[in-house]
Amino acid sequence: MKYDFAAIEKKWQQNWEQSKPYAAVTGETDKPKFYGLIEFPYPSGQGLHVGHPRPFTAMDIITRKKRMEGYNVLYPIGFDAFGLPTENYAIKNHVHPAIVTKKNIENFTSQLKMLGYGFDWDRCIDTTDPQYYKWTQWIFLQMYKHGLAYKTTMPVNWCTSCKCVLANEEVVDGVCERCGSPVVRKEKSQWMLAITKYAERLLNDLDEVDYIERVKTQQRNWIGKSEGTEVDFTATNGDKLTVYTTRCDTLFGVTYLVLSPEHEILKKWKDQIVNWAEVEDYMLQAARKSDLERTDLAKDKSGVRLQGIEGVHPVSGKHIPIFVSDYVLITYGTGIVMGVPGHDQRDWDFATKFGLPIVEVVQGGDVTKEAFTIKDDTGIMVNSGFLNGMTVRAAIPAMKQYVTEKGIGRPKTNYKLRDWVFSRQRYWGEPIPMVNCPQCGWVPVPEEELPLVLPQVENYEPTDDGESPISKMTDWVNTKCPKCGGKAKRETDTMPQWAGSSWYFLRYMDPKNDTAPVSPEAERYWGPVDWYNGGMEHTTLHLLYSRFWHKFLYDIGVVHTKEPYAKRTSHGMILGEGGEKMSKSRGNVVNPNDIVDQYGADTMRLHIMFIGDFEKAVSWSNEAVKGSKRFLDRCWNLMELATDDPEISEKNMATVHRTIKKVSADIDELKMNTAIAALMAMVNEFYANGLTHGDLEVLMLLLSPFAPHMVEEMWELTGFAAQYGKMAMQMPWPQYDEAKTVESTVEMAVQIKGKLRGTVTVPVDSDEAAVLAAAKANERVAKSLEGMEIVKTILVKNKLINLIVKPC
RNA sequence: GCCGGUGUGGUGGAAUAGGUAGACACAGGGGACUUAAAAUCCCCCGGUAGCGAUACCGUACCGGUUCGAGUCCGGUCACCGGCACCA
């Protein structure tokens, strides 16, 4: 009988649709729980990409094994459906984004079902569903009430094409992450979320979670904690100029100050700056530059010296020049830098260009050639008053203490992390539920009025002044103040796409609740997520944002754990043939449908796991898929070869037990490729040795998570389904016996001075004398030993013997 | 520039704690079956030399530690990802 994958897959998918073997049971106390999570997809118009099945299949295998091991498993799926591509499609084709989204979700759903994933479809969520985003809005209101959401005018990243503000984190190489257009700075009033208030906890609590190390490192780097000192300089007009430095030990080496072009004080000084026209021109140029352009100029420093105002050194009282330069960022520290050209390379470059004095305050380098920046015990302080003779390591706390006592400075901790710009002037997002009243200011929409539903508009394009399309819906915009009842206007900004994905894992626990985002019972039962796998591209933004929201929800008692995810792993990208990124423009995108049509879903699942190391990028090859199909055919054909013996055969005993051990361990470590290789090797053994019904039973159980459709069919045809009254996926996971994994003899390598000279087969655990005797009996080894004397032997039990010889 | 990661046959990739490099596959070659093809089954498959047993070389490159290095250490190069004048 032939392996008819199309009929088999259809049959079992229909069966599962009705019998619901993947339903998670909230509150089940007889079993331990396991919550496996994958990043929910954005339902794009192109449909499923071959990159999607990689993480989905891996977690499907993990959760299937967990079920067989007796866990009550939650493996949910949903759609992160707000976002620009849908909105842009709607603008272009004049279709409501909700209609496009519905169609795309239907398409994704059928594609995912086609692959036979064990998702609990009854818990499927959609971030654009008002019943879902009601709670996204609710969480925002709680943040507002706790002082974490605030509105402020600030320089923001303005995408010239999307006509929309982007978070700093969304700007990639100076261009818009989504559309690739240049980004410029613009003043705009924005809703902000104070993620920086959680910086310390976001950093420290990484110690409590099991994330792969490179993910933790990226989170730490993104938060970027730095402990330094603020020092107050003054200007000759009496204004205070506070700088932030991590090298307060070099204070005596300061020869100038630099202001960021965005610094507020420049406008205040307008009338006192003699060369204001020149300064203003520089400020305008800097504002027009994208980060990319500023970066391009990195090697060649630019700036303008202020005429008419100078700085005053807080210790020496000396007057020093003040510059404005775009190498100083307004978003980090105080927006003012003290220039220490002797000991900071950027300052050195700047001072050299503008002919400023370079003062050496740490001995150890040659400051006429380059800055000396080493800050351990190598350098000794000079030209620095009371610091002279100290090491840098000692001078930093000494100076910190000095400026604090003198009242001209203070220790200060800074973070690279900035508050999250939360407003978007876009249509296809959650409306921000706030009302602006001329009398009362910003007033939150009452919770009982949630969800605040997106109004119908005719045109989805952002307005030319950069406001959301919703701003044109006067009926919707004009409202009553919830507080005083007077005339007021609704906020027309919407939330960024990150909002809905910052808490979705909680909603899966209790997706239909209409009185809370998640019930305490469901959250206490399922939380935290036991294992979250996702792409490296989400290891900073999404991961940090959702950890932040979760910590806030912890603070207000919605969740009971500080961290949302106990474990985080990451998968590599699937590249096109030849290692290129898959993209529409290159025309190398592989659609999983084509593979499924030609080879079946089980082959697709198996192959995407076999293709290479899960954590690394790997290129797809259509040719190679055949090998995985061939393997499944070989498994199928074993049904005709198996004898009726229900026991595991003696011949295959060690292979079977070793394979159970290997496959079990490999799945737990995401090494699916070697798990499959072990199964292939076992099948090759079965072909060589013959097999029993008992051998086949183990194979089917081990293969079940990888190729569930085919295995259930085989399970039925071989009579096991009738015998146990269960599907293979409902059987206990096979156990191995360590004693049975070893064979009675072992092949050992014989080396002479580290070079392989032959192999010998000896009983397991043979001692040195026995192995040596066997080695000497080996013809090839004996030949190499002629005229030699053995001076030393090194035995590695059951692996090798190394003979050190010299001529005799 | 900084941080992180990766370099292994024609190809994708294996190789717990330093212990037989190339498992398992793809492609290729040979054979069996077949009228033929497909499918299936069996064998070979890093390089050089040799009919051959075998010898030498071989995990990006240079050096080191070690009885023994793909694995550890120092340096170099290349590629990938992230961040970027973070003071």
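It should be emphasised that the depicted structure is a prediction, and the values quoted were computed from it without experimental measurement. Residue numbers begin at 1 in each chain, while the letters A, B, ... track the order of the sequences.
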Seminar exercise, completed: Whole-Å distance, A:Leu543 CG to B:rG82 P, equals 16 Å
Exercise. For atom P, what is the distance between B:rG29 and B:rC62, given to the nearest Å?
Worked result: 35 Å
Might you list the N or O atoms of the protein lying below 3.5 Å from N or O atoms in nucleotides 65-67 of chain B, with each pair's distance?
unit_1	atom_1	unit_2	atom_2	d
B:rC67	O2	A:Asn802	ND2	2.4

For this session: Would you give the length of the straight line joining atom OG1 of A:Thr655 to atom NE2 of A:His657, rounded to the nearest 0.5 angstrom?
Result: 10.5 Å
Problem set entry | Within residues 674-684 of chain A: residues closer than 4.0 Å to RNA chain B (heavy atoms) | A:Thr674, A:Ala677, A:Met680, A:Asn684
Problem set entry | 5'-to-3' dot-bracket of RNA chain B (Watson-Crick, G-U; under 3.5 angstrom; crossing pairs as [ ]; | other strand) | (((((((..(((......[....))).(((((.......))))).((((....))))..(((((..]....))))))))))))....
Exercise. B:rC41 phosphate, OP1 or OP2: any side-chain N/O from A:Arg634 under 4.0 angstrom?
Worked result: yes
Problem set entry | N/O (side chain, A:Tyr332) to phosphate O (OP1/OP2, B:rA87) under 4.0 Å | yes
Seminar exercise, completed: From CZ of A:Arg418 across to P of B:rC83 the rounded distance in Å is 12 Å
Problem set entry | Sugar-phosphate only, base, or nothing, as touched by A:Lys671 at under 4.0 Å among non-hydrogen atoms | sugar-phosphate
For nucleotides 26-30 of chain B, which of its nitrogen or oxygen atoms have a protein nitrogen or oxygen under 3.5 Å away, and what is each distance?
unit_1	atom_1	unit_2	atom_2	d
B:rC26	OP1	A:Arg630	NH1	2.5
B:rA27	OP1	A:Lys626	NZ	3.2

Seminar exercise, completed: The salt bridge (charged side-chain N to carboxylate O under 4.0 Å, His left out) partners of A:Lys799 (sequence neighbours excluded) come to none
For this session: Mind checking A:Thr245 for me? I need base, sugar-phosphate or nothing, with any heavy atom below 4.0 Å counting as a touch.
Result: sugar-phosphate
Exercise. What is the nucleic acid contact for A:Asp633, judged by heavy atoms within less than 4.0 Å: base, sugar-phosphate only, or nothing?
Worked result: nothing
Problem set entry | Separation of atom NE2 in A:His263 from atom P in B:rC85, rounded to whole Å | 17 Å
Exercise. Touch check for A:Asn414, heavy atoms < 4.0 angstrom, all strands: base, sugar-phosphate only, or nothing?
Worked result: nothing
Seminar exercise, completed: When rounded to whole Å, the CG to P distance for the pair A:Asn798 and B:rA17 reads 19 Å
For this session: Could you check whether A:Val618 gets within reach of a base, just the sugar-phosphate, or nothing at all, counting any heavy atom under 4.0 Å?
Result: sugar-phosphate
For this session: May I have the distance from A:Lys799 (atom NZ) to B:rA21 (atom P), rounded to whole angstrom?
Result: 12 Å
For this session: Determine the contact category for A:Glu747: base if any of its heavy atoms lies under 4.0 Å from a base atom, sugar-phosphate if only primed atoms, P, OP1 or OP2 are that close, otherwise nothing.
Result: base
Exercise. A:Phe610 near the nucleic acid: base, sugar-phosphate alone, or nothing, with a heavy-atom cut-off under 4.0 Å?
Worked result: base
Short N/O separations, protein against nucleotides 46-56 of chain B, under 3.5 angstrom:
unit_1	atom_1	unit_2	atom_2	d
B:rA55	OP2	A:Arg780	NH2	3.3

For this session: Establish, with yes or no, whether the OP1 or OP2 oxygen of B:rA38 is under 4.0 angstrom from a side-chain nitrogen or oxygen of A:Lys2.
Result: no
For this session: For B:rU11 versus B:rU59, give the span between their P atoms, rounded off to a whole number of Å.
Result: 15 Å
Exercise. For B:rA32, does the O4'-C1'-N9-C4 (purine) or O4'-C1'-N1-C2 (pyrimidine) torsion place it in syn, i.e. within 90° of 0, or in anti?
Worked result: anti
Exercise. Rounded to whole angstroms, how far apart are NZ on A:Lys416 and P on B:rC85?
Worked result: 10 Å
Problem set entry | Nearest-neighbour nucleotide for the A:Leu329 side chain, B:rC83, B:rA87, B:rU6 considered | B:rA87
